[in-house]
Each structure stands twice: as structure tokens, then as C-alpha cells.
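Reviewing the structure listed below.
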Amino acid sequence: MARITPLSGFPEWLPDGRVVEQHVLDVLRRTFELHGFAGIETRAVEPLDQLLRKGETSKEVYVLDRLQAEDTASRSSEKQLGLHFDLTVPFARYVLENAGRLAFPFKRFQIQKVWRGERPQDGRFREFAQADIDVVGAGELPYHYEVELPLVMAEALGALRDVGVPEVRVLVNNRKVAEGFYRGLGIEDVEGVLRQIDKLDKIGPERVAELLVAEQGASPQQAGACLDLAAISGTDVGVVDRVRALADEHGARTELLETGLEELSALIVAASTRAPGVVVADLKIARGLDYYTGAVYETLLVGHEELGSICSGGRYDTLASDGKNTYPGVGLSIGVSRLVSRLLSAGLLSATRGVPTAVLVAVSDEESRAASDAVAAALRARGIPTDVAPSAAKFGKQIKYADRRGIPFVWFPGDEHQVKDIRSGEQVEADPAAWEPPAADLWPRVVPAAG
RNA sequence: GUGGCUAUAGCUCAGUCGGUAGAGCGCCUGGUUGUGGUCCAGGAGGUCGCCGGUUCAAGCCCGGUUAGCCACCCCA
């Protein structure tokens, strides 16, 4: 008998963990729909060349192969399939494929598993669920969507506060600000500088400055200016003035910088009235992905910053393009598995029980099992999730069966039916056609951790 | 892909100088002849990740391997 070992990076929850995850998914979906996003699902696979097109060298893609495939030579063909590693690439393909039947601007949400062949770690998986929202336009996309989308995400995550999910901070920046500033300084390798700046929180400003000089060929003065820019953050438009002052100091004012600052300022102003304190301008937010062209977003769980971003995204001028038409978009993606795994491992919340069952009907003896089944049917007919005891064991055993599963009520059939709340021990007479449990006990609920 | 650490009961772990395996929790039975949880008594459960080597003797030492965790990389 082979020893069963867990496969790292492919998370599976126990039933009560799944109750938590399902609640998170329900709340996200409801919020997205409240804001008019249409739900879609795309296939799990895309042609490999499509998957590798956008991502650069090291995208770890799982390829799909038939066990009975005749030869392995076909592997090099473009028909080779891979599992999608995000929901943006499949969505871009979907938009092109259905452009004639979609109405633009098109708002969609998409909640699905994605796969990445990475080394797993705490909060990092090889199979995980993402919840994406994107808005895509045909030819053009108004800037106000770059303001709206992070606020929808903030609202969605905020709607989970009452079950114990911590506050979030949506950190925002604008690619045009960084690029405009760097170019104003005379830096050519904008991508490379962004990649180093992204490491600030991990290795600190001194090491980043060294790297900028050593790897990107920046002068110490340029590196210092980049770090000064990255140090700017705040929740009001004052940050914009500080960036302008810094740019003046280094003679780095450019048109691109100015455009970016205007966009960033519009986002900060709108956010400060619609979600005060949640959205923070942070000029060190870089994002590794090279296809972002405007706003970029990262979201941290307050008190769990080391977990990394639980919701990221940005604006891309060419989400999709068929040669003739270009479709710009803006979107964000919540790492549902990362979020849920931390909620569970940190014990921030819990499910009231792992089974749906609210009532266990006891069985006196196998001859009268039909009577117990009848009680269960009567309760179910009124929408009460009910189970019948697996055997006519001693009542103590049957109560224990319920207790182990968190089932709050045990029903004792007879000439005079009785139902017992096994938490309080209270037992009362009850009518199968009329009794119902308190609303709070009808279905499993997610509740904040006690204390 | 690179590096560090780890692997013993269902779970969390202990195991001294190399001398044939332990605890707590959980589980089962009984005390309680049809009402759980507490308490008491008893019980089941192990190819010490796997392969090889050293040795009279290996959970312990050595080599390899697999898996897990962490860091880098990258990212949700």
C-alpha cells in the first residue's frame, strides 16, 4: 500500500475550510454583479504559443499531453496546449474571438483555477483560484475605469470584513509617472529599474541603490533620485506635488510624467471620497509585468503584509489586438487561494460547522428507521438540512455523531417528538411539520475568530 | 532552476553514548442495560520516508534518492 503524501502547491481544504472559501467566492461574485460585471468562464487550456507570447522567458506553464499520443514530435507544433497561468491571457483571446458579439466597453468577472509550475511556498501555489474583473474597450477606454476598478475590489474585500477578514490597503501607482521620471533623468532601461525598485521592501534602499548602479548602469545620482521617488507615498494629492518638486530638483519634468501625475491625482481624489483611507498612492509600486501602461495596483492585507499582494492589476493599452482593432483594458485579480489559505492558517475566522446538516434525526431501532426518514423528509420539505443517524446505536453514540460534525440539533422521533440542542442540552417537544431552528443555525456560517 | 533545513503512531513531537519504540492529543471499549461532552480504568495503532553502506548491533553514523518547509527567482 503506497503511502499517501500531500502534493505541495495543490491546496485542498477540509469541509469547514471549503465553507469559508465558498463564502468568500459568493461575496466576491455578488459584489462584482452589483457593479454590472458579467460572469464568464473560459476553457482551462490555451495554445502554448498564445500562453508564451505575452509572458517572457520563464513563464512556468504546464503542458497538456495525451497519454496515447503517437509521437512526441508533435510537441513542437503550435497545436500544443498548456493550462492557463492567469485569466487575462484567456480573456484577451476570448475578446478577440467574440468581438463581434460583445458590447464594448465590456465588463466581465471570471473566477477560476489557474496553474503555475513554480516552487510552492506559504501563500504561493501551483494550482490556485483567482477572481478577476476587467473592463475592455474597443479602440479606447475612458480613464475613469482605472479609478473605478480598484474601488470595486476594495468594496468586495471590504464586504468580507464582518466575517473577520482584515482591512486592506490598495497601493496604486502609475507607470507613466515612473517611466516619465526615469526618462527625464536620462535612464534608458526603465524595465530594469522598475524590477529593482520592486525589491525595495525586501532588501532595502541601500542594496537597491547598489543594484541600480551595478546592473542598470545608473549613476549614483540617478539611483538616488529613483529611490527618492520610490519613497513618496500618501493618501492625498500632496504626493503629486512632492513628485513634481522632486522632478524639478533633478530636471526630470517630462510630458509623460505630467500625464501620469494627472491620472494618479484623479484616482487619489476619487478614492479619498469613495473609500477613504483604503487607497494609498505609493510610488514604489512597480509590478513586474511589462504590459502595464498606466495605473498599477497591489493590495496588502493589513497585519499580513509579508504575505505579498492579494489583489493586483493595472491598465494595459493593448490587452488584445487583431491587427486591425486594439482593445485596451484595465483589470485586477484577487488571489482567492492565497487569501483563504491565510485566513484559515492564521485562524482569523472559522465556519460554524463543516457539514450543511442542521438536524440529525436519531434512529430508535432499524424497524422504525422509516419513521425517522419521514421526520427528515418533513424537515427538508421546509428547507432544513437534515441527516438521519447511520445506525440505531445507543443515543449517546448518535449524539456524539452529531457533536463530531457540529450538527446543532438531534431529533428523537416517537409518539411525542423531541428535539435537543446539544450545545445547551435543552430538549423540548417539537412538531416535524412546524419546528424550525434559529435562523443562525439553519446553514453553516462564517464567523470571526473569537477574541 | 539554485541554496538551506527537515522526514519517528491519525496529529504535534521526544528518543541521551549506536543496544530491537515513547508522550500528549485523537480513536475504540467499559464504568453508565438507549441522551454526548467531564472524570476513571483498559485497549488498538509504527517496514522510524525509500534504497544502499559501516557495525556483533542503526531511528541515531555515512552515501544516494524521494518528498515537505523556507529563501532566491518570479508572482495572486
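Every chain is numbered from 1, with letters handed out A, B, ... down the list of sequences.
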Item to check | For RNA chain B, the dot-bracket pattern of Watson-Crick and G-U pairs whose distances stay under 3.5 Å, | for other-strand partners | outcome: (((((((..((((.....[..)))).(((((.......))))).....(((((..]....))))))))))))....
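- Within 4.0 Å of A:V340, counting heavy atoms only, lies no atom of the nucleic acid at all.
- The base of B:A76 is paired with the side chain of A:R116 by a donor and an acceptor separated by under 3.5 Å.
- Here the side chain of A:Q121 is nearest to one of B:C74, B:A71, B:U35, namely B:A71.
- For A:R382 (side chain) and A:A433 (main-chain N/O), a donor-acceptor pair under 3.5 Å exists by modelled atom type.
- In this structure, A:R119 reaches the bases: a heavy-atom distance under 4.0 Å links it to at least one base atom across the strands shown.
- Looking only at atom types and distance, the side chain of A:R119 has no donor-acceptor partner in the side chain of A:Q121 under 3.5 Å away.
- Rounded to whole Å, the separation between the C1' atoms of B:C75 and B:C60 comes to 41 Å.
- Under 3.5 Å, the side chains of A:D134 and A:Y145 contain no donor-acceptor pair of N or O atoms.
- Residue-level contact check: A:R423 touches the bases, meaning some heavy atom is under 4.0 Å from a base atom.
- Residue order along RNA chain B, read from the 5' end via each residue's closest nucleotide, puts A:K420 first among A:K420 and A:R126.
- Considering only side-chain N and O atoms, A:T299 lies nowhere under 4.0 angstrom from the phosphate OP1 or OP2 of B:A76.
- Closest to the side chain of A:K400, from the set B:C28, B:C75, B:U35, is B:C28.
- Annotation: B:C28 and B:A14 have their C1' atoms spaced 25 Å apart (nearest Å).
- Residue contacts shown for A:A129 are absent, as no nucleic acid heavy atom lies under 4.0 Å away.
- Under a 3.5 Å cut-off, the side chain of A:S341 and the backbone N or O of A:R338 do form a donor-acceptor pair.
- Between B:G53 and B:A58, the distance separating the two C1' atoms is 11 Å to the nearest Å.
- Among the protein residues, A:K397 comes within range of the sugar-phosphate backbone only, with heavy atoms under 4.0 Å from sugar or phosphate atoms but none that close to a base.
- Rounded to whole Å, the separation between the P atoms of B:C61 and B:U8 comes to 15 Å.
- Aromatic pair A:F32/A:F109: centroids less than 6.0 angstrom apart.
- No donor-acceptor contact under 3.5 Å links the side chain of A:Q398 to the base of B:U35.
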Next on the checklist: Before you tell me yes or no, could you show the steps for A:E306 and A:R342 under salt bridge (Lys or Arg N to Asp or Glu O under 4.0 Å), namely the whole-Å CA-CA distance, both residues' side-chain angles and the distance that decides it to 0.1 Å?
Outcome noted: CA-CA 11 Å; A:E306 90 296 341; A:R342 174 55 61 100; 2.8 Å; yes
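- Counting any heavy atom pair closer than 4.0 Å across all strands shown, A:G308 reaches no nucleic acid atom.
- The separation of B:C27 from B:G64, taken at their P atoms, amounts to 43 Å, rounded to a whole angstrom.
- Counting only heavy atoms from C-beta on, A:I399 has its side chain closest to B:U35 among B:A76, B:U35, B:C28.
- Here, B:C17 and B:U38 have their C1' atoms 45 Å apart, quoted to the whole Å.
- As judged by a 4.0 angstrom heavy-atom cut-off over every strand, A:Y401 is placed among residues making no nucleic acid contact.
- Atom P of B:A23 sits at a distance of 24 Å from the matching atom of B:G18, rounded to the whole Å.
- In this structure, A:K202 does not reach the B:A71 phosphate: none of its side-chain N or O atoms is under 4.0 Å from OP1 or OP2.
- Under 3.5 Å, the side chain of A:R124 and the base of B:C70 form no donor-acceptor pair of N or O atoms.
- Across all strands, A:D122 comes closer than 4.0 Å only to sugar-phosphate atoms, never to a base (heavy-atom distances).
- Of the candidates B:C69, B:C75, B:G34, B:G34 carries the atom nearest the A:S364 side chain, counting heavy atoms from C-beta on.
- Nearest nucleotide to the side chain of A:D403, out of B:G36, B:G34, B:A71: B:G36.
- Across all strands, A:K113 comes closer than 4.0 Å to no nucleic acid atom at all (heavy-atom distances).
- Looking only at distances, a side-chain donor or acceptor of A:N173 sits under 3.5 Å from a matching main-chain atom of A:L283.
- Look at A:F128 and the base of B:A76; the rings stack, centres closer than 5.5 Å and planes less than 30° apart.
- Sorted by first then second residue, the side-chain hydrogen bond (donor to acceptor under 3.5 Å, both in side chains) pairs that include residues 388-408 of chain A, not counting sequence neighbours, are A:D387-A:Y401.
- In this structure, A:I422 reaches the bases: a heavy-atom distance under 4.0 Å links it to at least one base atom across the strands shown.
- For the P atoms, the distance from B:C70 to B:G26 is 28 Å, rounded to whole Å.
- With salt bridges taken as basic N to acidic carboxylate O contacts below 4.0 Å, none links A:R423 and A:E426.
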